[in-house]
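To start, the structure itself, in C-alpha cells.
Keep in mind that the numbers below use all heavy atoms, side chains included, and drop hydrogens, waters and symmetry copies.
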Amino acid sequence: TNNIYVIHQAKAVGTIDLPEGALVDLNGGSDKLVLDADGDTTISADTDDQIDFKTGGTDRATIDASGRFVIGSTTNVNAGNTTPRFQLQGTDYATTSLSLLGQRATSASGATLAFARSRNATFGSNTIVQENDELGKIRFFGDDGNDLTNYGAEIGCYVDAAPGSDDMPGRLTFGTTADGATSSTERMRLVSGGNLMHGKTSSGSSVQGIELEFGGALTVARTDNLPFLINRLGNDGDLISFRHAGTSEGSVAVSGNTVS
C-alpha cells in the first residue's frame with residue numbers, strides 16, 4: 001500500500017511529485033490518507049461512496065453516499081422518519097452536546113442558532129413567505145422500543161400575519177404529546193403582538209382558555225366547570241388586592257369561613 005504521510009513538525013519531511021492531471025487513487029479497503037506519524041489518524045474510503053475520518057484509529061465522522069455528515073458513528077440513524085443531512089451521535093452528555101461559543105471583546109452579541117425559510121426553491125433566490133408558513137421547529141423524540149418515529153413535544157415558529165419587505169411578524173407555539181398519542185397538540189402560543197395564550201389559538205374574552213395580554217391584562221374563559229381558582233394555603237388574610245397607581249384601594253380577604 002502506498003501511503004501519503006503529512007507530518008506537522010514545523011518543517012517539511014518530504015514531498016511526492018505527481019504529473020499534471022494525475023490522480024491519487026485511494027480506492028481499496030486498506031488504502032488511506034495518513035495524517036500522523038503512527039498511522040492511526042486517517043481519511044479513507046473503506047466503504048464504496050463513503051468517506052471515513054479517523055483519529056487514534058477510531059471512526060469519528062463519516063460522509064455517506066447521499067452527502068449526509070455523521071459525527072460519532074459511521075451510520076445515519078432515522079429519527080422522525082427523517083434521515084438528516086447532519087447528525088451528531090454519542091453515548092453520554094459530553095458526546096451528544098453541541099456548543100456555540102462566541103468570544104467577542106468589543107460586542108454584546110452572542111452566538112446564534114438560525115432557522116431560515118424561503119418559498120423559493122433556488123438557493124440564493126428570494127420569494128416571500130406567507131402567513132402561517134412554518135419558519136422552523138424543534139422536536140424532541142424518544143425511543144418507544146421500536147423506533148424513534150414519535151416525538152414528545154415541539155416548539156415551532158410561524159409567520160403570524162402577512163409579511164412584507166423588512167416586516168416578518170412571527171409567533172411561537174409550544175406543543176406536547178398526550179399519553180397514548182403519537183404527535184403533539186398545541187398547548188400554548190406567543191403571538192407577534194406579545195400576547196401569551198394557553199389552551200386557545202385565537203384572541204378574545206369569549207374564546208375558552210387563558211390569555212395574558214402584553215402589558216398585563218389577564219383573561220380566563222371556560223365553557224364548563226370552575227374558570228378561576230384562588231387558594232390561600234396559609235393563615236387568614238387577603239386573597240386579592242386591588243391597587244391604583246401602586247396604592248391599595250381594596251381587597252378580598254378570607255377569615256375562617258368568611259370571605260369579605
Side-chain angles (χ1 to χ4, degrees), residues 62 64 66 68-100 113-119 129-161 168-214 217-233:
T62 295
D64 68 13
S66 298
R68 295 181 295 243
F69 188 56
V70 183
I71 295 179
S73 177
T74 59
T75 305
N76 192 291
V77 176
N78 185 304
N81 289 323
T82 300
T83 49
R85 186 66 62 176
F86 177 86
Q87 189 170 80
L88 173 64
Q89 297 182 26
T91 57
D92 55 26
Y93 173 81
T95 56
T96 55
S97 296
L98 177 64
S99 176
L100 304 178
L113 180 62
F115 297 82
R117 165 75 191 281
S118 172
R119 279 206 169 214
V129 292
Q130 303 296 312
E131 184 175 356
N132 294 320
D133 276 0
E134 182 182 83
L135 300 182
K137 62 175 172 280
I138 301 173
R139 283 182 171 174
F140 303 86
F141 290 86
D143 192 330
D144 63 2
N146 297 314
D147 50 39
L148 289 165
T149 299
N150 303 311
Y151 58 97
E154 71 172 344
I155 302 171
C157 179
Y158 298 83
V159 182
D160 200 42
M168 190 55 58
R171 70 175 179 269
L172 289 175
T173 64
F174 302 83
T176 59
T177 302
D179 188 17
T182 58
S183 60
S184 70
T185 300
E186 182 182 324
R187 310 297 185 183
M188 185 172 66
R189 65 171 52 189
L190 179 63
V191 298
S192 58
N195 288 10
L196 181 65
M197 304 180 193
H198 183 275
K200 59 193 296 185
T201 59
S202 59
S203 182
S205 59
S206 61
V207 181
Q208 179 170 282
I210 301 172
E211 182 172 357
L212 178 61
E213 294 183 16
F214 184 71
L218 177 66
T219 300
V220 180
R222 193 172 184 182
T223 303
D224 300 304
N225 299 321
L226 183 69
F228 197 76
L229 172 66
I230 299 176
N231 185 17
R232 183 183 175 101
L233 297 176

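Atom SG of C157 and atom CG of D133 lie 11.0 Å apart (nearest 0.5 Å). Rounding to the nearest 0.5 Å places CZ of R171 at 13.5 Å from CG of N195. A distance of 9.5 Å separates CD1 in I210 from CG in L196, rounded to the nearest 0.5 Å. We find the CG-OG1 distance between L148 and T82 to be 11.5 Å, quoted to the nearest 0.5 Å. To the nearest 0.5 angstrom, K137 atom NZ is 13.0 Å from I155 atom CD1. For the atom pair CD1 of I138 and CZ of F140, the computed distance is 5.5 Å after rounding to the nearest 0.5 Å.
Pairing each heavy atom of A221 with each of S205, the nearest pair is CB-O, 3.4 Å. Taking each heavy atom of N81 and N78 in turn, the nearest pair found is N-OD1, 2.9 Å. Contact detail for T96 and T91: the closest heavy-atom pair is CG2-N, 4.1 Å. When all heavy atoms of N146 and D143 are compared, the pair lying nearest together is N-OD1, 3.7 Å. For the residue pair Y158 and N132, the shortest heavy atom distance occurs at CD2-O, 3.6 Å. Across all non-hydrogen atoms, the minimal contact from Q87 to T75 is OE1-O, 4.2 Å.
Residues meeting the side chain to side chain contact (heavy atoms under 4.5 Å, CB included) test with I71, sequence neighbours left out: A61, F69, F86, L88. Taking the side chain to side chain contact (heavy atoms under 4.5 Å, CB included) definition, one finds that T62 meets it with Q50, D52, T74, sequence neighbours left out. Among residues two or more places apart in sequence or in another chain, the side chain to side chain contact (heavy atoms under 4.5 Å, CB included) test is passed with L98 by none. Evaluation of the side chain to side chain contact (heavy atoms under 4.5 Å, CB included) rule for Y151 yields R139, F141, E154, T177, S183, S184 as partners, not counting sequence neighbours.
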* Asked: Is there a side chain to side chain contact (heavy atoms under 4.5 Å, CB included) between V159 and Q130 once you walk through the steps?
  -> CA-CA 7 Å; V159 182; Q130 303 296 312; over 6 Å; no
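The salt bridge (Lys or Arg N to Asp or Glu O under 4.0 Å) analysis of residues 192-211, with sequence neighbours excluded, yields the pairs K200-E211. Residue pairs meeting the salt bridge (Lys or Arg N to Asp or Glu O under 4.0 Å) criterion with at least one partner in residues 173-188, sequence neighbours excluded, are E186-R189.
Counting heavy-atom neighbours within 6.0 Å of F115 CZ, excluding the residue itself, gives a total above 12.
In this model, no donor atom of one side chain and acceptor atom of the other lie less than 3.5 Å apart for R85 and N76.
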